[in-house]
Amino acid sequence: MLDIKVIRERPDLVRQRLSTRGAGDEKQVDKILDLDAQRRQKLSWVETLKARRNLVSKEIGVLMGQKKAAEAEVKKRETRELGDLIAQLDKEAAGIEVTLRETMLRLPNLPHESVPSGRSAEDNPVIRVHGEKPALAFKPKSHVELCESLQLVDFGRAAKLAGSGFVLYTNWGAKLERALIHFLLELHTGEHGYTEVSPPFMVGPQCLEGVGQFPKFADQYYAVQEGLDPATLGKLYLIPTAETPVANIHREEILPERQLPICYCAYTPCFRGEAGAAGVGTRGMIRVHQFDKVELVKIVKPETGYEEQEKMVAHVERVLQLLGLHYRVVLLCTGDMGFASAKTYDIEVWAPGQGSYLEVSSVSNCEDFQSRRMNLRFKTDSGENKFPHLLNGSGTALARLFVALVETYQQADGSLAVPPALQPLLKTDRISKP
RNA sequence: GGAGAGAUGGCAGAGUGGUUUAAUGCGCACGCCUGGAAAGCGUGAAUACUCCAAAAGGGUAUCGGGGGUUCAAAUCCCCCUCUCUCCGCCA
């Protein structure tokens with residue numbers, strides 16, 4: 001959520017920054033300014049009346065104490081009338097307040113000034129490239145073919161269990177997935193200073209609202225129902241990313257400044273409805289309804305946010321370097337950025353079988369957009385309450401990392417070499433046909 | 001799922017309709033005292049919104065959340081959430 005004071009004081013700047021996203025959100029600014037003015041006018045009026053009522057009520061108390069019932073009756077009549085008017089105005093003010101908040105919650109974050117203008121993914125500049133596309137002496141196979149022949153994944157039976165868009169890892173596939181989770185958590189907690197947490201995989205709607213997934217994108221997530229009771233539907237949602245529970249850990253808290261930065265790292269499965277994305281990458285594991293991910297979340301002082309974001313990108317890059325994968329870092333342009341983000345880097349890993357780069361990580365600085373929504377603050381050493389900046393980054397998404405690994409490490413004989421970093425965990429240097 | 005108890009400020013804890021400005025204690029900050037400290041004494045200290053050009057200052061709301069009764073609610077009534085104790089069921 002944007003700061004209403006910034007909208008009030010610098011509406012032109014807000015309109016200009018919103019317009020760079022190309023979604024027409026700047027049109028909402030006038031509506032917000034109007035609602036804000038109405039709200040304050042109403043509030044000022046009703047609060048004056050309340051002050052009067054409180055004063056007279058107190059006088060009634062004194063009169064009652066002195067047994068002057070008749071005088072008290074006169075004053076009661078006045079406060080009764082005031083009360084009716086107050087109730088009416090309160091109702092009107094609450095209505096305006098709700099409309100204002102609903103509008104504000106649907107407004108995306110302002111892109112940071114360092115973010116290049118652009119309309120779509122095609123306008124995203126490549127910041128750097130690491131390594132080179134592996135030169136295979138044979139025609140690379142797709143991960144689908146490799147997974148089937150090596151029996152790493154059973155796509156058919158996964159569909160039998162849960163429909164299309166789900167993965168059943170089997171045998172070495174399951175072991176590889178587990179090894180990757182372990183490898184990532186150990187790296188980020190052991191070398192990058194993150195604290196490991198393991199959150200609930202379902203959360204209430206207020207958490208989705210807190211990070212900006214609700215109310216605007218409510219159709220993309222799985223709502224859970226308890227048993228056969230439809231009244232429980234929508235009280236909990238399957239998390240689309242660990243960011244949702246982890247970023248909300250300290251919601252509605254006031255943290256002491258010395259606790260910052262807080263750096264969390266969590267493994268969770270991620271559940272996504274992918275409504276409207278049907279038919280895209282239906283074959284294989286590139287776009288699925290459930291995938292594993294290790295997520296990084298930082299709660300930081302505003303002035304250190306962009307520095308911390310660069311560090312987080314480096315932490316993600318370290319993963320791909322240790323696994324010996326070719327990747328590139330892309331800076332998302334204004335038109336391609338997520339709703340809550342002020343600046344996002346995508347890290348894309350090369351998948352030889354696909355002949356393309358796959359997004360395995362997205363590292364965003366959401367500034368105070370989310371902390372405002374969840375009312376998360378920190379108290380400075382001088383006693384002032386401020387909104388911290390929130391960062392999140394995948395470190396990394398596993399299904400696609402799995403694809404890149406399988407396709408990169410495939411051998412001419414159809415087997416798979418195991419990258420050195422994973423050999424101690426898998427206790428082998430090669431995965432062959434069973 | 002059943003029965004009961006509870007939720008008050010940083011923490012503990014009093015407060016069953018009106019001079020309550022939420023007592024008191026602990027903790028915290030500052031000051032006095034001291035060679036320095038402790039003790040003692042004094043002072044201060046929540047959050048949000050809002051009014052005022054700003055500052056100073058004022059107003060409103062907030063005692064888990066929501067609604068109701070009343071001129072007036074931490075206090076009475078209803079609903080919800082969470083915590084604790086016991087029972088049942090369960091990995």
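So you know, we letter chains A, B, ... as the sequences are listed, proteins then strands, and number each from 1.
One can place CD of A:Glu252 at 14 Å from C1' of B:U62, the figure rounded to the nearest angstrom. To the nearest angstrom, P of B:U70 lies 14 Å from CD of A:Glu73. In this structure, A:Met64 atom CE and B:G18 atom C1' are separated by 9 Å, rounded to whole Å. Distance, A:Leu63 CG to B:U19 C1': 13 Å, rounded to whole Å. The CZ atom of A:Arg372 sits 16 Å away from the P atom of B:U47 (whole-angstrom rounding). For the pair A:Leu82 CG and B:A72 C1', the computed distance is 13 Å after rounding to whole Å. Per the geometry, CD belonging to A:Glu97 stands 15 Å off P belonging to B:A61, to the nearest Å.
At B:C51, one or more side-chain N or O atoms of A:Arg40 fall inside 4.0 Å of OP1 or OP2 (strictly under the cut-off). Distances shown here put a side-chain N or O of A:Arg8 below 4.0 Å from the OP1 or OP2 atom of B:U50. One finds no side-chain N or O of A:Asn54 lying less than 4.0 angstrom from the OP1 or OP2 phosphate oxygen of B:G18. Between A:Asn375 and B:A48, a side-chain N or O to OP1/OP2 separation shorter than 4.0 Å is absent.
Distances were taken from every side-chain heavy atom of A:Arg80 (C-beta onward) to each of B:A61, B:C71, B:U50; the shortest belongs to B:C71. Closest contact between the side chain of A:Ser44 and the listed nucleotides B:C51, B:A48, B:C49 involves B:C51. When distances are taken from the side chain of A:Lys58 to each of B:U21, B:U47, B:U50, the shortest belongs to B:U21. For A:Lys379, the side-chain atoms get nearest to B:U47 when compared with the rest of B:G59, B:C71, B:U47. Nearest to the side chain of A:Lys5, among B:A48, B:U50, B:G18, sits B:U50. Here the nucleotide nearest the side chain of A:Lys50, chosen from B:U60, B:C49, B:A72, is B:U60.
Across all strands shown, B:G9 forms no Watson-Crick or G-U wobble pair with both distances under 3.5 Å. Pair assignment for B:G35: none, as no Watson-Crick or G-U wobble contacts are both less than 3.5 Å. In a base pair of the Watson-Crick type (N1 to N3 plus N6-O4 or O6-N4) or a G-U wobble (N1-O2 and O6-N3), with each distance short of 3.5 Å, B:A45 is matched with no nucleotide.
Of the two residues near RNA chain B, A:Glu226 and A:Thr48, the one whose nearest nucleotide lies more 5' is A:Glu226.
Rounded to the nearest Å, the gap between the P atom of B:A3 and that of B:A91 is 25 Å. Taking the P atom of each, B:C26 and B:G13 are spaced 15 Å apart, rounded to whole Å. Between B:A39 and B:A23, the two C1' atoms lie 25 Å apart (nearest whole Å).
A:Arg52 comes within contact range of no nucleotide atom at all, as no heavy-atom separation falls under 4.0 Å. Using a 4.0 Å heavy-atom distance criterion, A:Thr79 is classed as a sugar-phosphate-only contact. Contacts of A:Ile60 with the nucleic acid, taken as non-hydrogen atoms under 4.0 Å apart, include base atoms.
Looking only at side-chain heavy atoms (C-beta outward), A:Ile181 and A:Asp292 come within less than 4.5 Å of each other.
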